[in-house]
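These notes are about the structure you will find just below.
Here the structure is a predicted model, which is why all the values come from computation and not from measurement.
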Amino acid sequence: MGRRGVLKLTAVAGAAGAFRLDGVTFAHAAGAPAPGGSGTTETRRVTGRLPAGAPDFRYLPVEVPRGVREIAVSYSYDRPSVPPGVPGNACDIGVFDERGTGPDGFRGWSGGARTEFAISAERATPGYLPGPVRPGTWHVVLGPYTVAPAGMAYEVTVTLRYGPPGTTPKPVYPPRRAKGRGRAWYRGDGHLHSVHSDGLRTPADIAAAARAAGLDWIVTTEHNTTSGHAAWQGLWGDDLLVLTGEEVTTRNGHVLALGTDPGTFVDWRYRVRDDAFGRHARAIRRAGGLVVPAHPYGTCVGCSWKFGYEHADAVEVWNGPFTPDDEMAVATWDALLATAAREGGRWLPAMGNSDAHREPQTVGLPQTVVLADELSHDAVLAGIRAGRSWIAESSAIGLSFAATTGGGAHAGIGGRLPADPGTEVAVRLTVTGAPAGCTAALVTDQGTVLSVPLPADGRVEWRTTPARSAYVRAEVRRPGTVPGLPGAMAALTNPVFLGRVEH
């Protein structure tokens, strides 16, 4: 049975800026028994067209009657040819249950990674949450990511399968602490994708790759879903801490909700023009997480960061193999450091993550190395928030970086060296395991003040004063492949600030 979806400007509660389509009603939704009883299947098909410039999210109501064991949804849309440089059609999908389109009703999201999903009490397609299929109005969400000038013709098929509801397994979430080594430097990757969003690795694949990369901690960050939070049972251990989170994938940039409490819904349905990011950032923090804009100069549609950094706790300046967009992110971050140093305000730490989705993308390229009191959720996030961290292309690279005065004052990465403006400060960098031909550079609020071939013993020393340098940070780069341009990053530190804090 087919039905054509008619676009209506009907707002859906909990989904600002989104509108509802004509709904799908099954014949006995008013309360009549399911035709044929247990084992019966019913299917409805809806077709329609979204115009160019359609709102970001359209909601298709589905009236689910009693006695449903499983709901299954598939969809498709046309892909007409478009002029060169013009985005074609791309449409995401997800679903909310009878509790509404707010946090309580969220049942899953697969974006554009899947063309179908199913939910029952016992199980759900990765990206979706198992649980009872209760009667009431569910909403299938269509998210037209880009729409061709000719519009987007779509088809949604909803199938209900009747029968006993089954039992929903209790989710088992990763522990918040691993054995660790006490206060130490711990290596991790805070941006990873599995089959629970648009990745091809299973959680088991990721855990094995993390151990092979020498990592101590990882964060699961699927796009706009929490379904992967309960998928790590048996994969953590004394040697590997698994934190839960989400890559909040808006139309104006992506942000890592790093280390949020398991099962926490984090909304993504807003743009800069909605003036909502501050509210959502506070919600991430209330859930125990950090707000970390991801790949701020990413080149895919909707990937570049437009919300500013006022509400950020850190920023991902290095995403996967080092590329020109990472170079731009580092430059922007460095400018923010200079502003913070001049104004005496809060500074924004940097971190690096692999954003690995599939082979041959490398888990732990790059990795954030955090000084933490223990290998635990709270300690790792505290180290990232404080900037007690540096970034390496692999676990083969070791690094120490500090500033000292002749009087014995000392400050390491992310710290402040209290010294009068004219006090001489010795800045020392030691690098091990770097590839041959690397260059070591020191960068201050005046720019790059030293750039030398990395000595055989890996040691570089430079002297300055707080009057000349408000902060200093280190970069280790591979040999350049283009004359006159710097090589790819091999390691990058957060800064050491120099001078006394002015009140």
Side-chain angles (χ1 to χ4, degrees), residues 183 185 309-310 312-315 317-318 327 329-352 368-373 382-392 398-431 439-455 457-477 486 489-503:
R183 184 173 174 82
W185 292 94
Y309 298 96
E310 177 186 359
D313 295 306
V315 58
V317 302
W318 183 353
E327 199 75 70
V330 170
T332 297
W333 167 67
D334 189 72
L336 293 172
L337 292 180
T339 299
R342 182 182 70 246
E343 299 177 353
R346 181 181 71 96
W347 65 280
L348 192 65
M351 70 179 306
T368 298
V369 190
V370 183
L371 179 61
D373 290 336
I384 294 172
R385 185 187 295 108
R388 297 191 302 268
S389 63
W390 58 280
I391 309 168
L399 180 151
S400 66
F401 184 61
T404 59
T405 67
H410 174 277
I413 298 170
R416 174 174 287 276
L417 183 70
D420 293 329
T423 302
E424 186 176 72
V425 174
V427 178
R428 295 183 176 91
L429 169 69
T430 302
V431 181
T439 298
L442 299 180
V443 183
T444 75
D445 50 314
Q446 291 183 313
T448 300
V449 293
L450 179 71
S451 180
V452 297
L454 187 66
D457 64 1
R459 300 187 181 198
V460 175
E461 183 171 333
W462 178 71
R463 294 181 184 273
T464 187
T465 66
R468 299 205 315 265
S469 307
Y471 66 86
V472 59
R473 60 180 184 83
E475 296 181 356
V476 180
R477 290 179 179 264
M489 201 77 71
L492 168 74
T493 75
N494 274 301
V496 179
F497 285 85
L498 307 180
R500 302 186 188 278
V501 178
E502 297 182 3
H503 297 283

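Just one residue in the list Asp445, Thr493, Val427 forms a side chain to side chain contact (heavy atoms under 4.5 Å, CB included) with Val472, and that residue is Val427.
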(message) With salt bridge (Lys or Arg N to Asp or Glu O under 4.0 Å) as the criterion, how do Asp334 and Arg473 come out once you've worked through the C-alpha distance, each side chain's angles and the decisive distance to 0.1 Å?
(response) CA-CA 10 Å; Asp334 189 72; Arg473 60 180 184 83; 2.9 Å; yes
(message) Walk me through whether Thr423 and Asp420 qualify under side-chain contact (heavy atoms from CB on, under 4.5 Å).
(response) CA-CA 5 Å; Thr423 302; Asp420 293 329; 3.7 Å; yes
(request) Go through Thr464 and Leu498 one step at a time and tell me if the side-chain contact (heavy atoms from CB on, under 4.5 Å) criterion holds. (result) CA-CA 10 Å; Thr464 187; Leu498 307 180; 3.8 Å; yes
(request) Starting from the C-alpha separation in whole Å, work towards a yes-or-no answer on ring pair (Phe, Tyr, Trp, His ring centres under 6.0 Å) for Trp347 and Tyr471. (result) CA-CA 11 Å; Trp347 65 280; Tyr471 66 86; 8.9 Å; no
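By the 6.0 Å contact criterion, CD on Glu310 is open, its count of non-hydrogen atoms from other residues, nucleotides or ligands being 12 or less. Other residues, nucleotides and ligands contribute more than 12 heavy atoms inside 6.0 Å of the CZ atom of Arg183.
Using a 4.5 Å cut-off on side-chain heavy atoms (C-beta onward), Leu442 and Phe401 make contact.
The main-chain N or O of Arg388 is never found under 3.5 Å from a side-chain atom of Asn494 such that the two would form a donor-acceptor pair. The backbone N or O of Arg459 lies less than 3.5 Å from no partner atom in the side chain of Thr430, so there is not a single donor-acceptor pair. Side chain of Thr465 to backbone of Arg468: a donor-acceptor contact under 3.5 angstrom is found.
Here Tyr309 and Trp333 keep their ring centres 6.0 angstrom or further from each other.
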